[in-house]
Amino acid sequence: MAGGKIKKEKQKGPRAPSNHYQGGVTFHKSKGQHILKNPLLVDAIVQKAGIKSTDVILEIGPGTGNLTKKLLEAGKMVIAVELDPRMVLELQRRFQGTPFSHRLKVIQGDVLKTDLPYFDICVANIPYQISSPLTFKLLFHQPAFRCAIIMFQREFAMRLVAQSGDNLYCRLSVNTQFYARVFHLLKVGKNNFRPPPKVDSSVVRIEPRKPRPEVNHKEWDGFIRICFIRKNKTLGSIFKQKNVLSLLENNYKTLQALQGSQNVSLGGNDDMDGARLGDHSMELDDGMDDEMDVECDEPEGDVSEFKNKVLSVLKEGNFEEQRASKLTQESFLTLLSMFNKAGIHFS
């Protein structure tokens, strides 16, 4: 069923009232509470997860437990993280006194602030506003899990899986695919939820790369962020901008000072921790607009020595006329390596 589509359920009879209930619990759209009500969709998600009988499953946003029950039937144990205390109580009531009760552990709290335990598979139907931070929290989780099956807002999901040259290809695409293999599994209509959200959703499978790429993630993200300031402008134009050159030159001078104090020659330590290069680290993509508030005009006056250094790297690799929207992972890695060898760092 890869790439399939779950049909929307047709509403029968009079419209449901504005308050949405299940098991006596009111769902709040403002909190991103949209509960799966289509049993075919629940079964499809469990099937796509490829759960083994020995698997520990992390479920994020279990709600009232429609998906939780199927996960308990398939795996060894389910660890459910739920923020809403009403949902926690409903989960506990639903499985109390059943054969599943000893295999369900419920953690009440914000998943973004929770230290996650060991798990083999993650299954999540999450509030869409936490999509980006949750994705990267999972990708940096150790030890690495086998896969995550997550319900995202459709446009966000399409950004995750976009390839170079696609309209939605952005920093989110590059950063996510650098750390994981990502697959679109199912398109899900909004009427499969109670209450229905405003937009359609998609189920995505994320498989962390093993071993994890050996690149300082702050350095990588800072570099990708600059490349995607204007993803359809040439890299030569982007790296001539005042703000970009100022940031990179500050990092360059700081690195020189640090290396000088340690009697290390320039460029001799490309793996230096980016955290020591001042407060220029750049946070991970939010999956929305790729553009940043920067000055697009080129610097006036004499061409600086540092600017020549930056542009010479681009020319050497034939990157000056290329655009981030068209570059592959391999091309980004090549350019970053060339910058680092020249002593130019991005965090």
Side-chain angles (χ1 to χ4, degrees), residues 1-4 6 35-36 38-83 87-88 90-92 94-112 114-127 130-131 133-152 157 160-161 176-177 179-186 188 192 201-212:
M1 290 179 64
I6 295 293
I35 308 302
L36 292 172
N38 186 344
L40 294 178
L41 174 58
V42 172
D43 291 340
I45 290 175
V46 174
Q47 178 190 3
K48 296 293 184 181
I51 300 170
K52 302 176 183 178
S53 60
T54 56
D55 281 341
V56 175
I57 305 161
L58 174 70
E59 185 184 11
I60 301 171
T64 56
N66 292 344
L67 180 57
T68 311
K69 182 175 182 295
K70 295 292 184 178
L71 297 176
L72 286 166
E73 292 173 354
K76 178 182 179 181
M77 181 179 182
V78 173
I79 301 169
V81 182
E82 174 58 60
L83 178 62
M87 299 293 185
V88 171
E90 184 64 25
L91 268 181
Q92 292 170 338
R94 180 167 185 171
F95 295 104
Q96 185 177 18
T98 71
F100 299 128
S101 60
H102 68 286
R103 294 197 286 113
L104 173 63
K105 178 181 179 182
V106 182
I107 299 175
Q108 181 182 338
D110 183 343
V111 67
L112 298 179
T114 300
D115 291 330
L116 300 177
Y118 171 87
F119 61 93
D120 299 295
I121 289 180
C122 174
V123 179
N125 174 28
I126 60 173
I130 68 168
S131 295
L134 177 62
T135 297
F136 288 101
K137 178 182 177 73
L138 291 174
L139 288 178
F140 293 127
H141 177 75
Q142 289 295 320
F145 51 92
R146 190 164 75 249
C147 74
I149 309 295
I150 306 180
M151 184 86 67
F152 290 117
L160 286 178
V161 302
T176 305
Q177 294 172 34
Y179 294 106
R181 300 169 65 212
V182 189
F183 308 92
H184 180 268
L185 299 181
L186 297 168
V188 182
N192 288 285
S201 305
S202 282
V203 179
V204 171
R205 182 183 179 95
I206 299 175
E207 299 176 359
R209 296 190 185 277
K210 300 177 184 178
R212 182 187 295 180

(message) If you compare all heavy atoms of Glu82 against all heavy atoms of Pro62, which two are closest, and at what distance to 0.1 Å?
(response) OE1-CD, 3.3 Å
(message) Nearest 0.5 angstrom please: Asn66 CG to Leu71 CG, how far?
(response) 11.0 Å
(request) State, yes or no, whether a side-chain contact exists between Leu67 and Asn125 at a heavy-atom distance under 4.5 Å. (result) no
(message) On a heavy-atom basis, which atom in Ser101 and which in Gly97 lie closest, and how many Å separate them?
(response) CB-N, 4.3 Å
(message) Going by side chain to side chain contact (heavy atoms under 4.5 Å, CB included), name the residues that satisfy it together with Ile206, two or more places apart in sequence or in a different chain.
(response) Thr135, Leu139, Ala148, Ile150, Phe152, Ala180, Val182, Val204
(message) Between Thr114 and Leu116 (side chain of the first, backbone of the second, donor and acceptor by atom type, cut-off under 3.5 Å), is there such a pair?
(response) no
(request) Go through the structure and list residues passing salt bridge (Lys or Arg N to Asp or Glu O under 4.0 Å) with Arg209, not counting sequence neighbours. (result) none
(message) Please confirm whether the ring centroid of Tyr179 lies under 6.0 Å from the ring centroid of Phe140.
(response) yes
(message) Just verifying a value: how many Å separate Ile60 CD1 and Cys122 SG, rounded to the nearest 0.5 Å?
(response) 3.5 Å
(request) Could you list the residues that satisfy ring-ring contact (aromatic ring centres under 6.0 Å, His included) with Phe145, not counting sequence neighbours? (result) Phe119
(request) Quick one: closest heavy-atom pair of Met87 and Thr64, and the distance? (result) SD-CG2, 4.0 Å
(message) How about CG on Asp115, more than 12 heavy atoms from neighbouring residues, nucleotides or ligands closer than 6.0 Å, or not?
(response) no
(request) Taking Arg205 for its side chain and Leu185 for its backbone only, find out whether a donor-acceptor pair lies under 3.5 Å. (result) no
(request) Could you tell me which non-hydrogen atom of Ala80 sits nearest to which non-hydrogen atom of Leu91, and how far apart they are? (result) CB-CD1, 4.3 Å
(message) Could you go through Ile51 and Val46, starting from their C-alpha distance and side-chain angles, then the distance that decides it, and tell me whether this counts as side chain to side chain contact (heavy atoms under 4.5 Å, CB included)?
(response) CA-CA 7 Å; Ile51 300 170; Val46 174; 4.2 Å; yes
(request) Determine the minimum heavy-atom distance between Lys210 and Ala144, stating which atoms define it. (result) CE-CB, 3.8 Å
(message) Using a 3.5 Å distance criterion without hydrogens, assess whether the side chain of Glu59 forms a donor-acceptor pair with backbone atoms of Val81.
(response) no
(message) Contact between Phe100 and Thr68 at the side-chain level, heavy atoms closer than 4.5 Å - yes or no?
(response) no
(request) Flag the pair Met151 / Ile45 as yes when at least one side-chain heavy-atom distance between them is below 4.5 Å, and no otherwise. (result) yes
(request) Look at Asp120 together with Lys52 and state whether they make a salt bridge at an N to O cut-off of under 4.0 Å. (result) no
(message) Nearest 0.5 Å, please: how far is CG in Leu186 from OG in Ser202?
(response) 8.0 Å
(request) Could you tell me the separation between the CG atom of Leu104 and the CD1 atom of Ile79, rounded to the nearest 0.5 Å? (result) 9.5 Å
(request) Taking salt bridge (Lys or Arg N to Asp or Glu O under 4.0 Å) as the test, write out the residues that go with Glu73, two or more places apart. (result) Lys69
(message) Nearest 0.5 angstrom please: Lys105 NZ to Met77 CE, how far?
(response) 6.0 Å
(message) Can you tell me how far apart NZ (Lys70) and CG (Asp43) are? Round to the nearest 0.5 Å.
(response) 4.5 Å
(message) In the structure I gave you, are the side-chain heavy atoms of Val123 and Leu58 within less than 4.5 Å of one another anywhere?
(response) no
(message) Quick check on Gln96: does its CD atom have over 12 non-hydrogen neighbours (other residues, nucleotides or ligands) under 6.0 Å away?
(response) no
(message) Going by the rule salt bridge (Lys or Arg N to Asp or Glu O under 4.0 Å), which residues pair with Asp55 if we only count those two or more places apart in sequence or in a different chain?
(response) Arg146
(request) Check salt bridge (Lys or Arg N to Asp or Glu O under 4.0 Å) between Arg212 and all other residues, then give those that pass, not counting sequence neighbours. (result) none
(message) If you compare all heavy atoms of Leu160 against all heavy atoms of Gln177, which two are closest, and at what distance to 0.1 Å?
(response) O-NE2, 2.8 Å
